[in-house]
Amino acid sequence: MGAAEAPALAAAPAAGGGGELLERRVMAAVKASEARGDPPLLRAVEISRLAAGEPGAGVPSADLAGILVSNLCFAHNSPSLWKLLDQAMSSRLLCPLHVLALLTARVLPQRRAQPEAYRLYLELLKGNVTSFSLSLLAGPNRDKITKSIDAALQLSKSYGVSGTDFGHVVILFVLIVITKLIDCVLEDCGISSGMTQEQESVYPTEGPQPMDMDVKGVSAVKQNEQREQLRRKNTVMSLEVLHIMAADRKIQAFLRLICLNMPDKFSVLSQRLTLIEAHKMALERLLPTSHKIDDLVMYIWRVSNLDYQPNNKRLVGVLGNLRSSNSMLGQLTGAGRAACWIIFDIYMENAMDGRHLGGISAIEIIKEMSKTAQAINEASWQETFKALWISALRLVQRAREPLEGPIPHLDTRLCMLLALIPLAIAAILKEETDACGAEGNKSLPRRLGLVSSLQDLVQYPGLLVPPSSLVNVANAAASKAAIFRANCKVVGGNPSMIGQSDSSTKAVGNMLHLIVEACISRNLIDTTAYLWPGYVVLPGHSKDTSLPQESPWVNFMQGAPLSDPLKNALIATPASSVAELDKLYHIALNGSEQEKSAAAKIVCGASLVRGWNIQEHVVRMVVKLLSPPLPSDSSLQGSMSHYLSQKSTLNAILLGVSYVDAVHIFSLYGMVPDVAAALMPLCEAFGSMPPPSNHRSTIVDETSVYSVFSCAFLCLLRLWKFYKPPQEYCLAGRGGSVSSTGSFDEVPTQPIYIDSFPKLRAWYIQNQACIASTLSGLGNTNPVHQVANKILSMICRKITKSGVVSGNLSSASSSSVSGSSLSTSDDSYQRPTLPAWEFLEAVPYVLEAVLTACSHGRISSRDMTTSLRDLVDFLPASLAAIVSYFSAEITRGIWKAVPMNGTEWPSPGAALHSIEDEVKEILASAGVQIHSCYPRGVPPMLPLPMAALVSLTITFKLDRSLDYIHGIIGQALENCAGGSSWPSMPIIGALWTQKVRRWHDFIVLSCIRSPFGRDKDAVAQLIQSCFSSFLRSSPSSGSDITASRGVGALMGESITGHQGLHFPMAPGFIYLRTCRTFHDTYFVSEMILRQVIDCSHKLANGWSSNGPPHVKSGRPPLSGAASMASQVAMLGAGLLCVAGGPLLVQVLYEETLPTLLLSAQEQMLEDPGPVASRLQGYAMANMLFFCGSLLWGSEKTSPIMKLSFLSRRPRVVGTHMDFIAGVLDGHILLGCDPGTWKAYVSCFVFLVVKFVPTWLRDIKLDTLKKIAAGLRSWHENDLALSLLERGGPKAISAVVETLLQ
């Protein structure tokens, strides 16, 4: 069977007598009417009447089209039959799409043998393919025609599309026709089209059946010449038809649908365009209309640019298209250009809050946030990277003189600037090089943008001033560049010939030199940066720049032994290379016991907190050292002995990890899950080992089983906040996991379940039970109670007053303790030398007995504090049970309050009112007014468990070795104060101020959280102050990215000054430090949204009151106010995301914003006016979109981000789109202004279509259709079409039908 015959069978009438009879009748009627000389229209009507008489037939007729085409190609081919076919198509008696599909399958393979038929086919194609005649009403007839086209063009087989519908048939028909015509043009010009073996049979250049045309009187030679000339003309006409099709907007829309939903299919067409461009010169020589080749390529490549470009001139369209002009953004008043990047400042400052330890790497977050912000702001990568650097420099300058206290210090902020941001930029550059296949290419746009952004930083000398602790480091980096530059001049400007450096060269350094060194160390740029103009600044006479000292790491690498002086020097000096770390790691694994311990201390020293150029390697190394490889003997006893042999090294690592900056750095690198996964087996092993019989205290400078367990256990709880009331964070129950990864940027692959650690799991279950309810049901024979008796005997041995606590817990009530006396002789008790897990199991019962005895007056508060301190001294891990138990009891609120009068309990004294006054002053400077909670002359009071906890905590010394304890108690006190209805935090702060006066400023800042946990009015004032400061303008400031208004007024330029805390305190900084204490996050969501609306109302009124502004360079008159409204919306999105995260964004989408739109107009703003109402809708749409895009990203999100909260997006966005569709469909009645609603819907849909089109694939098709119909009713036709185009494969038919209407 020939190639041309196979598809003919597919379109022929159904086999059987009925089909053959119809064909004979039709062809007989054709011949009869032709003999009579009937006009084509009459002939078409007659044969159509014959086909309509068949059962189930309709118009247009699928059977009639198959009969005519099968006879036309090529059994009964004649000009009159072509005219009949054309007339039937024009009269809609036949479906043009169907006829063209059937002809395409038959004529193209025979175009060389039948040039006349090919010419007539091209004419039919030219007249029908770009018109609306391709449409077809739904019904059984359309289904039959669709199946016939599918069979003729073999769509299901060639494209793998199952259940092909009409929309798919139309767009695939267009793709096939364009692709095949391009192949025809190329082959007719002697250029191979690169088809596969299977495709070659579709395009034979010659055929066995010449068409039967009337050529009487013409010689065979002449006939061949005419046909060859016709073939050349056909090639030119093929190009013309291609040009016409590619220029048509409907055809472009069809191709765009393929590009969006079937990119692999569109790649076939892309390959043809590449082939055309490769042979462009040859085609131009052969074809007279060569300019059409350029147009053809341009039109089709334009289709692959999937960015939505609006073309609206109405107000809503203007508001939606504001960010398309970068020059306009630089002319704004108010917040200025920096406000476009406010989210960077918010995220970075929020990440500095050491009370919150995240599980996702800041590198991933910054990378995704940068890509999202770059897309939303439509900015260059140079501007994006520059904004990142500026925000990070502001972060460092804000705390250049850091507070003293147990909080992350300057090192953590420098980690953000010099490590995390370079690593995030490296990930962004890697995506570009991977996509372009040009590894190391320095001319790629993103890499060029990085270089330009670094060069631009010299314009901001105020931000580049290094903190005092970094002056020498910055000078050393600048001197390195000066040495390079000097040697480069010596060797004639060839950097590769630079030899030994001149160590006497000095230069003045700043933060730019440290940033450049961080980028060079990660191969983001090369050492040619040292040659940038103005990069090296030589010192003047007044400058005192000391020469860099030789690093102790040089001696270490030369083989010097780890003596105490060298060890101390290495601890204080960060490593500079991975080779140094590798040698240190080898010693930590294979050295002597003393060398292992020294190596562990060194790696957790300056290299961990200040080794910015190699910090990611240090972090991974520490995690590996926490997980020593087990020996081949996998028995429990073998594992225990192995852990014991590593006891000193593990203890040193654990103490280093517990340092406040170190814990925060691990969190910023996303290593909290990894550290937790390493700590769990340590807790399980060391908690199962008993201490030596002579064990008395762990708070001494020795390493014991209890000390290693306590440090590991408290660090684990600190990471996962077991002690947070009233609801704890579940580490990993059944179905939950903590994942262990090999590096900070890998996807977790092997989850570690808490069920794998039975001792840890048993403690966790008991801890949850203690939080859920009070203890009860004690018995004499319970082994746990027997252990509790021993602990009570141990900790109460020093109590000398009569009627002390008995060691017997067998009383009927767990809340009563026997009043019998207890001997005070040391020989009368035994210290319980039990494994830590068994000891911890009994601690809650001990705490209940002691607390109950104190409340009944059987022991004094001082004795209770001493007993609790003895308990912690014996096993520091007991602090976890103490914090957890007391937190739960405080939350229950069943204990009486005790006076903090200095007699029984410590008194805060005058420090209480001093701190309260300072807190009021700080908040007042930020626009928040609060009332006093403590009247003068009345002793303050605390609930008994709170008083006991704070009295215990102030007994601990401020020692670096106790950081693992202070890390628990500091957060526990704040959480307990927040979980109590009693205003407790100022009292706690006053007591700690008396203990550590140098922590005064830190304590005052901690106390400013207290009012916001219970006072909604204070929260509302703070949110309002954030927005007003952001909009505040200063006549002396320009629109520069570092202007002191907008971002500066919101976040503050400095936290501390020469005399302590800096006034006024920036409201944005206070918000970020207090937002996690807001109990009613629904209220916060509503307040932020209302502030965005209110600000947009004020901006609109400001524009109106000033009269119509002068329009310059065609700039829309509302552009300034609308751009400011967009930036206010970005601020609102940032504040909302940090306050409540994914849950609050979900509430905004599903509840807060729909409720506000449904509410009566007067509940929003009274009589806003037409301009303000539209600007309000625009601002609301921007805020909703910004919240979603910041949380879910603008494109494919990294696997780590997907594991966190991306799965919520389809449901959340889908619910909100259903709401919009319901209103547009008339099923939901609005209460807001119609102008607000129209602006809101148009702007939100525009933003989603333009920036996050992947969201639309998860939306129901019916919802998309309703929204598109609503947009078309507002004459937003382009936007409605773009919405449907990006709805995924399910929306293809809807788009096609819309275009063909």
Side-chain angles (χ1 to χ4, degrees), residues 354-355 357 406 604 622 626 643 647 650-664 666-667 671-672 675-689 691 697-700 702-725 728-729 731 738 754 757 759-760 763-764 766-767 770-771 835-837 839-841 843-844 847 868-887 949 952-953 955-976:
R355 296 164 182 80
L357 302 178
C604 291
V622 171
L626 279 175
Y643 281 121
K647 183 172 60 175
L650 290 172
N651 192 65
I653 291 287
L654 289 169
L655 289 175
V657 167
S658 300
Y659 178 53
V660 59
D661 274 303
V663 172
H664 201 183
F666 279 107
S667 172
M671 298 295 284
V672 166
V675 176
L679 291 175
M680 285 193 288
L682 296 182
C683 294
E684 190 76 11
F686 283 97
S688 303
M689 304 177 195
S697 175
T698 305
I699 311 295
V700 292
E702 65 177 19
T703 302
S704 64
V705 170
Y706 271 10
S707 65
V708 177
F709 171 78
S710 295
C711 197
F713 187 61
L714 292 180
C715 186
L716 179 64
L717 302 193
R718 184 178 177 187
L719 295 179
W720 291 101
K721 294 183 175 60
F722 273 106
Y723 48 85
K724 181 176 182 179
E728 299 194 29
Y729 285 69
L731 174 63
V738 176
I754 198 172
F757 307 97
K759 300 288 187 181
L760 176 61
W763 177 87
Y764 175 72
Q766 184 208 28
N767 185 64
C770 290
I771 291 175
W837 290 121
F839 191 98
L840 283 177
E841 190 178 7
V843 169
L847 299 175
L868 294 177
R869 179 58 196 266
D870 289 343
L871 179 62
V872 176
D873 286 350
F874 187 78
L875 179 63
S878 302
L879 188 61
I882 293 173
V883 168
S884 183
Y885 177 78
F886 283 179
S887 298
L949 183 59
L952 171 64
T953 59
T955 65
F956 292 103
K957 296 179 181 179
L958 298 181
D959 191 292
R960 175 71 180 267
S961 64
L962 298 182
D963 273 349
Y964 70 101
I965 290 180
H966 288 297
I968 289 287
I969 62 177
Q971 184 71 59
L973 288 172
E974 290 195 25
N975 287 339
C976 289

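Throughout, numbering of the chain's residues begins at 1 and tracks the sequence. Predicted model, so just to flag it, every value in this text is computed and none were measured.
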Checking Asp963 now: which residues fulfil side-chain contact (heavy atoms from CB on, under 4.5 Å) with it, not counting sequence neighbours?
Tyr659, Arg960

How would you list, by chain and number, every residue that makes a salt bridge (charged side-chain N to carboxylate O under 4.0 Å, His left out) with Glu974, sequence neighbours excluded?
Arg355, Arg1009

Distance from Leu868 atom CG to Ile882 atom CD1, nearest 0.5 Å?
5.0 Å

Is there a side chain to side chain contact (heavy atoms under 4.5 Å, CB included) between Leu847 and Leu871? Walk through the geometry before answering.
CA-CA 10 Å; Leu847 299 175; Leu871 179 62; 4.3 Å; yes

Are Leu949 and Ile969 side-chain neighbours, meaning at least one heavy-atom pair lies under 4.5 Å?
no

Indicate yes or no: at least one non-hydrogen side-chain atom of Lys759 is less than 4.5 angstrom from one of Pro835.
no

Smallest separation among heavy atoms of Tyr643 and Ala685, with atom names:
CD1-CB, 3.4 Å

Donor-acceptor under 3.5 Å (His966 side chain, Lys957 main chain):
yes

Take Val663 and Leu719 through the side chain to side chain contact (heavy atoms under 4.5 Å, CB included) test and state the conclusion after the steps.
CA-CA 8 Å; Val663 172; Leu719 295 179; 4.2 Å; yes

Looking only at heavy atoms, which two atoms of Ser710 and Leu875 are closest? And how far apart?
OG-CD1, 3.5 Å

Are Phe757 and Trp837, when compared by the centres of their aromatic rings, separated by less than 6.0 Å?
no

Locate the shortest heavy-atom distance separating Ile965 from Pro876; write the atom from each residue and the value.
CD1-CB, 4.2 Å

Apply side chain to side chain contact (heavy atoms under 4.5 Å, CB included) to residues Cys683 and Leu716 and explain how you reach the verdict.
CA-CA 9 Å; Cys683 294; Leu716 179 64; 4.2 Å; yes

For residues Ala880 and Leu717, report the shortest heavy-atom separation together with the two atoms involved.
CB-CD1, 3.1 Å

First locate atom CD1 of Ile968, then atom CG of Leu714, and finally report the distance between them rounded to the nearest 0.5 Å.
5.0 Å

Minimum heavy-atom separation for Cys711 and Leu654, please, with both atom names.
SG-CB, 3.5 Å

Which is it for Phe666 and Val622 under the side chain to side chain contact (heavy atoms under 4.5 Å, CB included) test, yes or no, and what are the steps along the way?
CA-CA 10 Å; Phe666 279 107; Val622 171; 3.4 Å; yes

Going by heavy atoms in the side chains, are Gln971 and Arg718 under 4.5 Å from each other?
no

Are Tyr964 and Val657 packed together at the side-chain level, in the sense that at least one heavy-atom pair is separated by less than 4.5 angstrom?
no

Result of checking Leu879, Leu682, Val708, Leu760 against Phe713 for side-chain contact (heavy atoms from CB on, under 4.5 Å)
Leu760

Of the non-hydrogen atoms in Ala972 and Val883, which two are nearest, and what is the gap between them?
CB-CG1, 3.4 Å

